[in-house]
Amino acid sequence: MRTDSRLSRMLHVLLHMATSDTPMTSEKVAEMLGTNSAVVRRTMAGLRKAGYVRSEKGHGGGWRLDCDLEKVTLLDILRAVGTERLFTIGFDNDSPDCAVERAVNASVAAAMNHAEQVLIEGLQAVTLADLTRRFRVEAGKSAHG
C-alpha cells in the first residue's frame, strides 16, 4: 500500500525556506524531492492559496514563506496540501444486515475516530516555528557529532 508523503515532503521544503534568505525555484524543490516541477507547483498552489507561501516571478524569483511560523500548525499544512484521509483502513459493507459486520464496523469506526482525533491534536500542537527550532537543534547536533 502506498503512503501519502505530501505532508512530510512539504514540511521538509518549508523548513528549507524558513532557513534560507533566497527564494526556492520549483525546479530546485523538485530536484530536492526527486519529482518534477509541475508536481511542486501544483502542491505549492495549495500552500499559496492558504496564504503560507508566495511566488516571486523573474530572475531571482521562486517560492518564499509568507506566514507567521508561530501561527501555522502542521495540521494547517496538512489541510493545505490536500490530504483527503488520514488513515486508509476501510470497512466491509457487503452485508449491512449482518449483526457481526455492524459490530465490527462500529468498533473499528470508534477506534479510528479516536486515533484521528489524537493525530489531529498532535498536529495542531506543533507550529512551523517549533519545527524550525527542532531542526536547528538537530542540525547543531550533526555539526558537533
Is it true that Leu11 and Val39 fall in one hydrophobic cluster, defined by side-chain heavy atoms closer than 4.5 Å?
no
Please round to the nearest 0.5 Å and tell me the distance separating atom CG of Leu65 and atom CG of Leu128.
7.5 Å
Interatomic spacing from CZ in Arg41 to CH2 in Trp63 - rounded to 0.5 Å:
8.5 Å
Restricting to non-hydrogen atoms, name the atom on Arg136 and the atom on Ala18 that form the minimum distance, rounded to 0.1 Å.
NH2-O, 4.0 Å
Is the shortest side-chain heavy-atom distance between Gln124 and Leu78 below 4.5 Å?
no
Taking the side chain as everything from C-beta on, heavy atoms only, tell me whether Leu75 gets closer than 4.5 Å to Ile120.
yes
Once you round to the nearest 0.5 Å, how far does CG of Leu69 lie from CG of Asp130?
10.0 Å
Heavy-atom neighbours of Arg134 CZ exceed 12 at 6.0 Å:
no
Please report the interatomic distance CD1(Ile77) to CE(Met10), rounded to the nearest 0.5 Å.
10.0 Å
Quick one: do Asp76 and Arg79 make a salt bridge, cutoff under 4.0 Å?
no
Can you tell me if Thr25 uses its side chain to pair, donor with acceptor, with the backbone of Lys28 under 3.5 Å?
yes
Which distance, rounded to the nearest 0.5 Å, do you find between the CZ of Arg6 and the CZ of Arg9?
11.0 Å
One should read off an interatomic distance between Thr22 OG1 and Glu56 CD, to the nearest 0.5 angstrom, of 10.0 Å
Note: Val53 and Met44 closest approach over all heavy atoms is CG2-O, 3.8 Å
Which atoms form the tightest heavy-atom contact between Leu123 and Thr73, and what is the distance?
O-CB, 3.6 Å
Counting only N and O atoms by type, is there a donor-acceptor contact under 3.5 Å from the side chain of Arg102 to the main-chain atoms of Asp97?
yes
